[in-house]
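Here the structure comes first, spelled out in structure tokens, and everything after it is commentary.
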Number of protein chains: 2
Amino acid sequence: MDETPPEHLKSAGLKSTLPRLKILDLFKSGSERHMSAEEVYKQLLAVGENVGLATVYRVLTQFQQAGLLVRHNFEGGKSVFELNEGTHHDHIVCLQCGHVEEFYDSAIESRQKKVAAELGFEIHDHSLQIYANCTKTKCPNKR
Amino acid sequence: MDETPPEHLKSAGLKSTLPRLKILDLFKSGSERHMSAEEVYKQLLAVGENVGLATVYRVLTQFQQAGLLVRHNFEGGKSVFELNEGTHHDHIVCLQCGHVEEFYDSAIESRQKKVAAELGFEIHDHSLQIYANCTKTKCPNKR
DNA sequence: ATGCAAATGAGAACGATTACCATTCGCATG
DNA sequence: CATGCGAATGGTAATCGTTCTCATTTGCAT
Ligand SMILES: [Mn+2]
Ligand SMILES: [Mn+2]
Ligand SMILES: [Zn+2]
Ligand SMILES: [Zn+2]
């Protein structure tokens with residue numbers, strides 16, 4: 001359902017190839033919203049799709065540059081990507097289970113602008129992650 | 001001036017060795033406030049002190065665990081460390097020259113607590129960096 | 001001065017990512 | 001539909017930051 005039409009890629013200036021379509025589909029219809037290169041690679045293998053790891057890395061970076069994906073650097077050294085749906089948000093990461101929750105707080109956003117302005121900087125972007133522990137039942141406490 | 005007395009290390013549960021003293025001194029009296037392992041290593045070489053790179057990595061981690069240093073993960077893949085002076089702050093990094101400016105905004109801090117609480121998380125810590133361009137004269141525009 | 005556990009340092013190993021490069025693919029053309 | 005060519009792919013080697021291994025040295029209590 002909801003196959004990615006080649007136009008999405010073409011309009012991003014990327015020619016429509018099989019690996020690219022598969023990767024984009026994975027983000028559009030896959031179960032995980034935030035994925036590392038390795039995770040994308042394994043998910044594809046699991047479905048019998050064979051895409052080289054090098055290609056996964058290359059395509060993820062291209063998608064990011066084209067604005068289709070956003071890259072985040074959470075702790076742990078590996079980059080994770082997610083679909084760019086136009087609206088900025090930040091993340092809260094559970095230290096026990098690794099679960100990622102998204103949030104947007106306009107007060108935090110506007111304060112950042114003010115801080116930067118006061119220091120004589122022109123903001124390009126920012127990276128905010130809260131590291132925390134789930135207190136609710138949902139945390140399976142794995143990892 | 002201001003040689004680091006061995007007591008500082010001992011009270012942190014670390015035995016006072018030459019490499020540890022040299023590294024701590026570098027942070028206490030060196031010119032750079034935020035340094036990566038590689039930078040620490042080179043600074044020491046430059047002064048004729050030689051400390052193995054493995055030791056630098058080991059000691060930085062130990063200092064962090066002992067609470068003497070704080071580790072940050074700015075973009076670029078390498079960890080940077082700075083003296084822990086007890087007060088939390090966040091960073092704004094110039095994309096052109098790499099210059100790092102520190103700031104603390106209590107509104108941002110308290111909003112983070114509220115966001116986490118609302119989502120049912122117990123905050124452990126957070127990481128906030130603003131990436132921006134110097135508009136003032138100070139930015140030498142290198143890098 | 002002596003002994004021994006802890007620390008060091010040179011280099012190997014590691015995980016994530018990128019670079020290389022021969023082969024394959026997408027697609028425009030006749 | 002066959003052909004051609006430049007772009008894309010994917011296996012592998014290389015790179016980068018960091019950690020591990022282990023033989024040697026050091027700090028420090030005796
Ligand atoms: Mn997200
Ligand atoms: Mn700082
Ligand atoms: Zn934000
Ligand atoms: Zn903060």
Side-chain angles (χ1 to χ4, degrees), chain A residues 4-26 34-45 47-66 68-69 71-81 98 143, chain B residues 4-26 34-45 47-66 68-69 71-81 98 143:
Chain A
T4 303
E7 298 81 56
H8 288 204
L9 289 176
K10 296 220 187 79
S11 67
L14 297 166
K15 92 162 61 164
S16 163
T17 67
L18 239 32
R20 284 177 182 159
L21 290 171
K22 290 178 198 164
I23 293 174
L24 193 47
D25 270 349
L26 184 58
H34 302 91
M35 283 184 285
S36 66
E38 194 71 36
E39 283 166 347
V40 168
Y41 177 69
K42 285 182 180 149
Q43 292 267 328
L44 291 176
L45 277 191
V47 190
E49 311 282 15
N50 242 95
V51 177
L53 182 55
T55 302
V56 170
Y57 273 103
R58 235 177 345 216
V59 169
L60 289 177
T61 301
Q62 291 163 344
F63 282 3
Q64 183 219 328
Q65 286 164 348
L68 293 171
L69 296 180
R71 179 200 301 255
H72 301 290
N73 291 106
F74 297 164
E75 272 184 14
K78 47 185 66 170
S79 293
V80 310
F81 297 81
R143 167 166 296 191
Chain B
T4 302
E7 298 82 57
H8 289 202
L9 289 176
K10 294 220 187 83
S11 66
L14 297 166
K15 92 162 62 163
S16 163
T17 66
L18 238 33
R20 285 177 181 158
L21 290 171
K22 290 178 196 161
I23 292 174
L24 193 47
D25 270 348
L26 184 57
H34 303 90
M35 283 183 285
S36 67
E38 194 71 36
E39 283 166 348
V40 168
Y41 177 67
K42 284 182 182 149
Q43 292 267 329
L44 290 177
L45 278 191
V47 190
E49 309 284 12
N50 66 301
V51 176
L53 182 55
T55 301
V56 171
Y57 273 103
R58 241 179 337 225
V59 169
L60 289 177
T61 301
Q62 291 163 343
F63 282 3
Q64 184 218 328
Q65 286 164 347
L68 293 172
L69 296 180
R71 179 201 302 256
H72 302 291
N73 291 104
F74 297 165
E75 271 183 17
K78 48 185 67 172
S79 294
V80 310
F81 298 80
R143 164 168 298 192

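Convention: sequence-line order gives letters A, B, ...; per-chain numbering from 1.
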Take atom [atom1] of [X] and atom [atom2] of [N], then tell me their distance rounded to the nearest Å.
X       : N      : atom1 : atom2 : result
B:Leu21 : D:dG27 : CG    : C1'   : 11 Å
B:Phe74 : D:dG17 : CZ    : P     : 16 Å
A:Leu9  : D:dA7  : CG    : P     : 17 Å
A:Phe63 : D:dA8  : CZ    : C1'   : 12 Å
B:Phe81 : D:dT18 : CZ    : C1'   : 10 Å
B:Lys78 : D:dC16 : NZ    : P     : 10 Å
B:Leu14 : D:dG27 : CG    : P     : 15 Å
A:Leu60 : D:dT9  : CG    : P     : 12 Å

To the closest 0.5 Å, what do you measure between [atom1] ([X]) and [atom2] ([Y])?
X       : Y       : atom1 : atom2 : result
A:Ser36 : A:Leu60 : OG    : CG    : 9.0 Å
A:Leu45 : A:Gln43 : CG    : CD    : 10.0 Å
B:Leu69 : B:His34 : CG    : NE2   : 11.0 Å

For [N] and [X] - does any side-chain N or O of the residue sit under 4.0 Å from the phosphate oxygens OP1/OP2?
X       : N      : answer
B:Ser79 : D:dT18 : yes
B:Ser16 : D:dG27 : no
A:Lys15 : D:dA7  : no

Does any non-hydrogen side-chain atom of [Y] lie less than 4.5 Å from one of [X]?
X       : Y       : value
B:Met35 : B:Leu26 : yes
A:Thr55 : A:Arg20 : no
A:Thr61 : A:Arg71 : yes
A:Asn73 : B:Phe74 : no

Any donor-acceptor N/O pair under 3.5 Å between D:dG10 base and A:Arg58 side chain |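 Check passes, donor-acceptor contact within cut-off.
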
Which residue lies toward the 5' end of DNA chain C, B:Gly13 or A:Leu53, if each is placed at its nearest nucleotide?
->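 Looking at DNA chain C, the more 5' nearest nucleotide goes with B:Gly13.
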
Check every strand shown and say whether A:Thr55 touches a base, only sugar-phosphate, or nothing at a heavy-atom separation below 4.0 Å.
->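 Base contact.
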
Which is the 5'-most and which the 3'-most nucleotide of DNA chain C that has an atom under 4.0 Å from a heavy atom of chain A?
->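 Using the under 4.0 Å cut-off, the span is C:dA16 to C:dC27.
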
Let me know, please, whether A:Tyr41 or B:Gly77 comes out on the 5' side of the other along DNA chain D by nearest nucleotide.
->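 Counting from the 5' end, the first nearest nucleotide belongs to A:Tyr41.
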
